[in-house]
Amino acid sequence: MARVTLATRLGQETYDKVVQLIANLPEGTGIRAAVRTIASELGVTIRENTVRDLMRGEQVPATGLVKPVAAAPIAPATPQQINNMILLRENARLKQQLAERDAGWSIIKQTLEEVYAEPLNVVVAEPKESELPGAPEVAVFHVTDVHYAKETPTYDIATCEKRMLQYFNSCSEITALRRRVAPIDEALVLLGGDMIEGEGIFPHQAWETQVDLIEQMVKGGPEYCVNLILSIAQLYPRIRVKASPGNHGRPSKFQSPRNNADSVFYEIVRKMVQIASPEAAKRIEWDLPLDRIRGAQWYSRFNIVGKWEGMLVHGDQIKGQLGFPWYGFGKKVAGWRTAKDTRGFTHIWSGHFHTHATFDLNDATVLSTGSPESSNGYALENMAAAGEPKQRLSFFNARYGLLADYAISLG
């Protein structure tokens, strides 16, 4: 019998303690939990199948209950061994950081998907396709250097939102006028970076922002952009959104260039659009920085319409001094026009310099767009730049390319 066998091997007293302990275990205790409890309470190691038999009141083999073997003493580590362990652990930590250098934004994206899990079903009227005869046109919105949360004597969050609404209203009126002569059913929305003000770009920036970076990129900031995109969705049946990050979104020059607050901002805008109006979101095509491979997040290369090709950059890649960098544009655009990954564009959109300008560089056209902000003391002092607040709206068709180009004044 189990009782006799175990008692003979370990003694009646130990056996009785084992049986009593098993009998007193809470109802529903698992086999492994019982083994751990017996080892902890009595210092006795029992195999799992033995405990299962005892819990059922069955017989067990003589080898089912054994005394634990005393562990051999562990010699203390030498200083050299300790140093080696520290180096190995640090090496593993660095490898993990390298493997997960983009994981931060992935975590944010996953969190956003959980937060915005339930559709809001905002009613966004879908416009009908135009039946007007004629060559179709594509409307190109260039929204850049918004600097949400920037605070100057004439610019703040309220002014930013007001001017973005003014921009849409102006574009809506111009679209209605152009639709008298041509069908316009597609909008290309170019988001050019510096959509938020950021932190740490210049020493006293903290005294020129209304809210901190987190609020800018995940709370109030995305709303103005979502409102703009959903408003455009009520004007155009089809929308393509292209985006590039700006320099104000960079946390540090020592971090991955993909770690940009603008890139997170765009992800939140996309998610908010999808949740706010799932039906409207079906008509929107996205090309955002984190959609592209590492090294290509800073630009978007795309077809405008027909044979006309476009490229979007923020513009901080273009270096220069003493005002608008005409020579810098010439050098960069010429290089990009022939580089393998970006070659062949006919039009390039840029911001960053808060200057509205249109000019040709051989067979490429540069469209530099201003900013909605005003009274930028830093730009005035350091770059002698203080242009009127403006954004851009253009119209293309497959045959003639750029047909009309509007500087939308927001002052």
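This chain uses plain numbering: 1 for the first residue, then up along the sequence. Keep in mind the model is a prediction, meaning the values are calculated, not measured.
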Engineer: Strictly distance-based, threshold 3.5 Å: is any side-chain N or O of N397 a donor or acceptor partner for the main-chain N or O of R399?
Structural biologist: yes
Engineer: Is R240 salt-bridged to D287, going by a charged N under 4.0 Å from an acidic O?
Structural biologist: no
Engineer: Run the ring-centre check on F324 versus F329 and record whether the distance is less than 6.0 Å.
Structural biologist: yes
Engineer: Is any side-chain N of the basic residue among D341 and R301 closer than 4.0 Å to the acidic one's carboxylate O?
Structural biologist: no
Engineer: Run the salt-bridge test on R270 and D291 with the 4.0 Å N-O cut-off and return the result as yes or no.
Structural biologist: yes
Engineer: Between S374 and R163, is a side-chain hydrogen bond (donor to acceptor under 3.5 Å, both in side chains) present by the stated rule, with each step listed?
Structural biologist: CA-CA 11 Å; S374 54; R163 288 179 178 173; 3.1 Å; yes
Engineer: If you take all heavy atoms of S130 and P183, which pair is closest and at what distance?
Structural biologist: OG-CB, 3.5 Å
Engineer: Please check this pair: side chain of T346 against backbone of A364, looking for a donor-acceptor N/O pair closer than 3.5 Å.
Structural biologist: no
Engineer: Could you tell me the separation between the SG atom of C171 and the CD1 atom of I232, rounded to the nearest 0.5 Å?
Structural biologist: 7.0 Å
Engineer: Give a yes or no on whether a salt bridge exists between D363 and R337, defined as a side-chain N under 4.0 angstrom from a carboxylate O.
Structural biologist: yes
Engineer: Tell me if the aromatic rings of H147 and Y155 count as close, with their centers under 6.0 Å from one another.
Structural biologist: no
Engineer: Between H142 and V140, is there a side-chain heavy-atom distance shorter than 4.5 Å?
Structural biologist: no
Engineer: At what distance, to the nearest 0.5 angstrom, does CD1 of I196 lie from SG of C160?
Structural biologist: 11.5 Å
Engineer: With side chain to side chain contact (heavy atoms under 4.5 Å, CB included) as the criterion, how do D145 and E373 come out once you've worked through the C-alpha distance, each side chain's angles and the decisive distance to 0.1 Å?
Structural biologist: CA-CA 8 Å; D145 297 273; E373 78 163 40; over 6 Å; no
Engineer: For L191 and T144, what are the C-alpha separation, side-chain angles and deciding distance, and is it a side chain to side chain contact (heavy atoms under 4.5 Å, CB included)?
Structural biologist: CA-CA 6 Å; L191 305 177; T144 186; over 6 Å; no
Engineer: Do V313 and W349 come within less than 4.5 Å of each other through their side chains, counting heavy atoms only?
Structural biologist: no
Engineer: Is there a side-chain contact between R392 and T358 in this structure, where contact means two heavy atoms from C-beta onward sitting under 4.5 Å apart?
Structural biologist: yes
Engineer: Strictly distance-based, threshold 3.5 Å: is any side-chain N or O of Y148 a donor or acceptor partner for the main-chain N or O of D156?
Structural biologist: no
Engineer: When you measure from the side chain of T355 to the backbone of F353, do you find a donor-acceptor pair of N or O atoms at a distance under 3.5 Å?
Structural biologist: yes
Engineer: Closest approach of F302 and K242, non-hydrogen atoms and distance?
Structural biologist: CB-CE, 3.8 Å
Engineer: With heavy-atom distances below 4.5 Å as the criterion, would you say the side chains of E173 and F168 are in contact?
Structural biologist: no
Engineer: Grab the two heavy atoms, one from G315 and one from S350, that are nearest each other, plus how far apart they are.
Structural biologist: CA-OG, 3.4 Å
Engineer: Donor-acceptor pair, distance only, cut-off 3.5 Å: does the side chain of Q216 make one with the backbone of V211?
Structural biologist: yes
Engineer: Applying ring-ring contact (aromatic ring centres under 6.0 Å, His included), run through F359 and W326 and close with a yes or a no.
Structural biologist: CA-CA 10 Å; F359 54 98; W326 302 100; 4.9 Å; yes
Engineer: If you count the non-hydrogen atoms of other residues, nucleotides and ligands that lie under 6.0 Å from CG in N24, is the total more than 12?
Structural biologist: yes
Engineer: Examine distances only and state if a side-chain atom of Y266 and a backbone atom of L290 form a donor-acceptor pair shorter than 3.5 Å.
Structural biologist: no
Engineer: Do the charged groups of E186 and R283 touch, with an N to O distance under 4.0 Å?
Structural biologist: no
Engineer: Inspect the contact between R238 and E285 and indicate whether a charged nitrogen and a carboxylate oxygen are less than 4.0 angstrom apart.
Structural biologist: no
Engineer: Give a yes or no answer on whether the side chain of Q391 reaches the backbone of T369 with a donor-acceptor pair at less than 3.5 Å.
Structural biologist: no
Engineer: Looking only at heavy atoms, which two atoms of D262 and G246 are closest? And how far apart?
Structural biologist: OD2-N, 2.8 Å
Engineer: Given side chains that start at C-beta, do those of M217 and I214 come closer than 4.5 Å, heavy atoms only?
Structural biologist: yes
Engineer: When rounded to the nearest 0.5 angstrom, what is the spacing between CG in L190 and OG in S244?
Structural biologist: 8.5 Å
Engineer: Compare every heavy atom of P222 with every heavy atom of M272, then report the nearest pair and how far apart it is.
Structural biologist: SD-CB, 3.7 Å
Engineer: Should L228 and Y167 count as side-chain neighbours, where that means a heavy-atom distance under 4.5 Å?
Structural biologist: yes
Engineer: Please report the interatomic distance CD1(I268) to CD(E223), rounded to the nearest 0.5 Å.
Structural biologist: 11.0 Å
Engineer: Quick one: does any side-chain atom of Q210 pair with a main-chain N or O of I157 as donor and acceptor, under 3.5 Å?
Structural biologist: yes
Engineer: Report yes if the side chains of E137 and V305 come closer than 4.5 Å at any heavy-atom pair, otherwise no.
Structural biologist: no
Engineer: Quick check: closest heavy atoms across L213 and A261, and the distance to 0.1 Å?
Structural biologist: CD1-CB, 3.8 Å
Engineer: Please determine whether side chain to side chain contact (heavy atoms under 4.5 Å, CB included) holds for the pair V333 and V366, giving the CA-CA distance in whole Å, both sets of side-chain angles, and the decisive distance to 0.1 Å.
Structural biologist: CA-CA 8 Å; V333 171; V366 176; 4.1 Å; yes
Engineer: State, with a plain yes or no, whether a side-chain heavy atom of V264 is found less than 4.5 Å away from one of N259.
Structural biologist: no
Engineer: Please test I184 against F395 for side chain to side chain contact (heavy atoms under 4.5 Å, CB included), starting from the C-alpha separation and ending with a verdict.
Structural biologist: CA-CA 9 Å; I184 309 174; F395 292 87; 3.7 Å; yes
Engineer: How long is the gap from CG on L288 to OG on S263, to the nearest 0.5 Å?
Structural biologist: 8.5 Å
Engineer: Hey, could you give me each pair passing side-chain hydrogen bond (donor to acceptor under 3.5 Å, both in side chains) that has a residue in residues 310-320? Not counting sequence neighbours.
Structural biologist: D194-H314, N247-H314, R250-D316, H314-H352
Engineer: Decide whether a cation-pi geometry holds between R179 and Y236; the criteria are a distance under 6.0 Å from NZ or CZ to the six-membered ring centre and an angle within 45° of the ring axis.
Structural biologist: yes
Engineer: Distance from H356 atom NE2 to E388 atom CD, nearest 0.5 Å?
Structural biologist: 13.0 Å
Engineer: Between S170 and Q166, is there a donor-acceptor pair closer than 3.5 Å when you use the side chain of the first and the backbone of the second?
Structural biologist: yes
Engineer: Any chance CG of L177 has more than 12 other-residue heavy atoms, nucleotides or ligands included, within less than 6.0 Å?
Structural biologist: yes
Engineer: I need the single residue from W298, Y299, F345 that forms a ring-ring contact (aromatic ring centres under 6.0 Å, His included) with W336. Which is it?
Structural biologist: W298
Engineer: Whether the side chain of N227 engages the backbone of L230 through a donor-acceptor N/O pair (distance < 3.5 Å, no angle test) should be reported.
Structural biologist: no
